[in-house]
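A quick note: this is a predicted structure, and the numbers were derived from the prediction, not measured. Side-chain atoms are counted along with the backbone in the values below, which use heavy atoms only and exclude waters and symmetry mates. Start at 1 and go down the list; that is how both ligands and their atoms are numbered.
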Amino acid sequence: MTESIKTLPLVFEEPKGRGKPPRHLADLTPAERKARLEELGLPGFRARQLSTHYFSRLVDDPEQMTDLPAGQRAELVEGLLPHLMTPLKTQEADRGTTRKTLWKLFDGALVESVLMRYPGRVTICVSSQAGCGMACPFCATGQGGLQRNMSTAEIVEQVVAGARALARDEVAGGPGRISNVVFMGMGEPMANYKAVIGAVRRLTDPTPDGLGMSARGITVSTVGLVPRINQLAEEGIPVTLALSLHAPDDELRDELVPINTRWKVGETVEAAWNYARVTKRRVSIEYAMMRGINDQAWRADLLADVLMRGDWGWVHVNLIPLNEVPGSQFTRSTDQDTDEFVRRLLARGIPTTVRDTRGSDIDAACGQLAATEA
Ligand code: SAH
């Protein structure tokens, strides 16, 4: 391990005093939506119509909400469907099947989401925080620190906006629907637990209360906040858990994923295993392959040892070719070293795949999201 990789201070507190994002129906349960309208002196039963426009019809233009009385439409829309975020820029790659959107939130905070179309499925990668406090030294988002947590509605709106673009045939490949949501954009979802769980509920609530997606299509990726992993296991929403491990030994992981100084490899993997046991969902172990850092054959063997829990049915290893971040000392492993790493894990019986690097040419791949307005 190189000496120069510094463990940056962890930032858990978000800056105060910027005000809160506008409250939106996606922040609320159906009963709360009704109550909110009544609070505003508007008829509560309209909440369901507004929810239908938002989640089922994917309509955002009040003009198209013709079942709402024209005289009250503006007030109703303002009450439950306030404007949350503005797309500043959209970049496309892979012949238009990968689309990155830069969003400006109400307070000027910037976040990004990435839509990826594959044969037979569409995945949207969403942000859960503006910036990130976890300070992983190889990740672009980690370099700027945390600005703030996103609200449930701000998280959900990224998905709904993607769904709208697909429904309106704005994405190469014809009209479509979102099948998968991955919390692998900016931020540490487990450090914004309440809003993220709210978003997962909105995504899975049946229409028109929510988007009606299957929990199986949702992946929450975490550095390994152990108490939150345990809490997630008890929520009764069987989302897929991805654990960003990146090293099988504490000495190296303390540097690569600084939260490891708080929760060690052993307890983190134990929590992931418990998650798999409770939810019956296979956990995905994320491992970004960094040349000469974590890609040695002996570390593949050690990774296999660390993941051994009875049998391999509970886990799957996803190797991510490192996306090189400008100015970073970390570089991508060679294909030979990656192949050998895969070979050793497979030889031990661990299901292992290498992730594609979709969108890397528009800085839209894992760990590249930095959200600058330049
Ligand atoms: N905070 C969450 C989500 C982050 S992004 C987490 O850490 O899991 C999703 C994945 O991209 C994580 O596994 C993260 O470690 C990985 N990643 C970060 N920077 C990367 C880079 N430069 N190249 C490849 N993967 C990277």
Side-chain angles (χ1 to χ4, degrees), residues 5 8 10-12 100 111-114 116 123-146 149-150 155 158 180-193 195-196 199 218-226 228-229 232 239-247 252-253 255-260 262-263 268 271-272 275 283-291 293-295 316-333 338 353-361 363-371:
I5 300 168
L8 300 167
L10 294 172
V11 185
F12 292 104
K100 178 172 82 166
V111 299
E112 292 177 321
S113 60
V114 184
M116 290 159 283
T123 299
I124 189 156
C125 175
V126 297
S127 295
S128 57
Q129 298 180 310
C132 185
M134 296 298 119
C136 303
F138 56 91
C139 173
T141 313
Q143 305 319 297
L146 176 67
N149 280 332
M150 293 175 73
I155 299 169
Q158 298 168 75
N180 299 80
V181 175
V182 298
F183 286 81
M184 292 190 183
M186 303 174 72
E188 166 51 43
M190 294 293 94
N192 184 16
Y193 189 84
V196 165
I218 299 174
T219 299
V220 174
S221 181
T222 180
V223 289
L225 304 186
V226 166
R228 295 310 197 189
I229 295 176
L232 186 64
V239 295
T240 299
L241 179 74
L243 172 63
S244 297
L245 199 60
H246 304 311
L252 178 58
R253 194 168 191 267
E255 307 273 345
L256 295 180
V257 186
I259 197 73
N260 196 72
R262 178 74 176 78
W263 292 286
T268 308
Y275 186 87
V283 169
S284 180
I285 301 290
E286 311 293 296
Y287 199 104
M289 293 292 286
M290 305 176 210
R291 186 187 299 200
I293 303 281
N294 65 351
D295 62 354
H316 165 265
V317 172
N318 198 216
L319 300 179
I320 315 174
L322 186 79
N323 295 301
E324 295 178 9
V325 170
S328 162
Q329 61 185 301
F330 296 96
T331 55
R332 184 179 289 187
S333 300
T338 304
T353 48
V354 180
R355 173 169 305 164
D356 70 9
T357 51
R358 272 279 187 121
S360 52
D361 47 336
D363 293 340
C366 269
Q368 293 188 311
L369 302 184

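Of all the listed residues (Pro137, Cys125, Gly185), Gly185 holds the heavy atom that lies closest to atom 4 (C) of ligand 1. When the heavy-atom distances from atom 9 (C) of ligand 1 to Glu286, His246, Met184 are ranked, the shortest goes to Met184. In the candidate list Ser360, Gly133, Ser221, Ser221 is nearest to atom 2 (C) of ligand 1, counting heavy atoms.
Asn323 N, 2.9 Å is the protein heavy atom nearest to atom 23 (N) of ligand 1. The nearest heavy-atom contact from the protein to atom 6 (C) of ligand 1 is Ser244 OG, 3.3 Å. Atom 19 (N) of ligand 1 has its closest protein heavy atom at Gly367 CA, 3.0 Å. Distance from atom 26 (C) of ligand 1 to its nearest protein heavy atom, with residue and atom name: Cys366 O, 3.6 Å. The shortest contact between atom 3 (C) of ligand 1 and any protein heavy atom is with Gly187 O, 3.6 Å.
For ligand 1, none of its N or O atoms has an N or O atom of Val325 under 3.5 Å away. Not a single N or O atom of Cys132, backbone or side chain, sits closer than 3.5 Å to an N or O atom of ligand 1.
Atom numbering of ligand 1 starts at 1 in the shown order; those under 4.0 Å from a heavy atom of Cys139 are 18 (C), 19 (N). Atoms of ligand 1 lying under 4.0 Å from at least one heavy atom of Val223, given by number and element, are 6 (C), 7 (O), 8 (O).
When heavy-atom distances to ligand 1 are checked against a 4.0 Å cut-off, Ile320 comes that close only through its side chain, counted from C-beta outward. With a heavy-atom cut-off of 4.0 Å, Thr222 touches ligand 1 through its backbone alone.
Gly131 and Thr141 make their closest contact through C-CG2, 3.9 Å (heavy atoms, listed as atom of the first residue, atom of the second, distance). For the pair Met186 and Val111, the tightest heavy-atom approach, listed with the atom from each and the gap, is SD-CA, 3.7 Å. The heavy-atom pair separating Arg355 from Ile320 by the smallest distance is NH1-CD1, 3.6 Å.
From Arg358, atom CZ reaches atom SG of Cys125 across 12.5 Å, with rounding to the nearest 0.5 Å. Taking OG of Ser328 as the reference point, atom CE of Met290 lies at 8.5 Å (rounded to 0.5 Å).
Asn323 and Ser360 share no donor-acceptor pair across their side chains, judged by distance under 3.5 Å alone.
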One pair to check against side-chain hydrogen bond (donor to acceptor under 3.5 Å, both in side chains): Thr222 and Glu188. What are the steps and the verdict? CA-CA 6 Å; Thr222 180; Glu188 166 51 43; 2.7 Å; yes
Test side-chain hydrogen bond (donor to acceptor under 3.5 Å, both in side chains) applied to Glu286 and Ser284, step by step: CA-CA 6 Å; Glu286 311 293 296; Ser284 180; 2.8 Å; yes
Step by step, would you call Asn192 with Ser128 a side-chain hydrogen bond (donor to acceptor under 3.5 Å, both in side chains)? CA-CA 7 Å; Asn192 184 16; Ser128 57; 5.4 Å; no
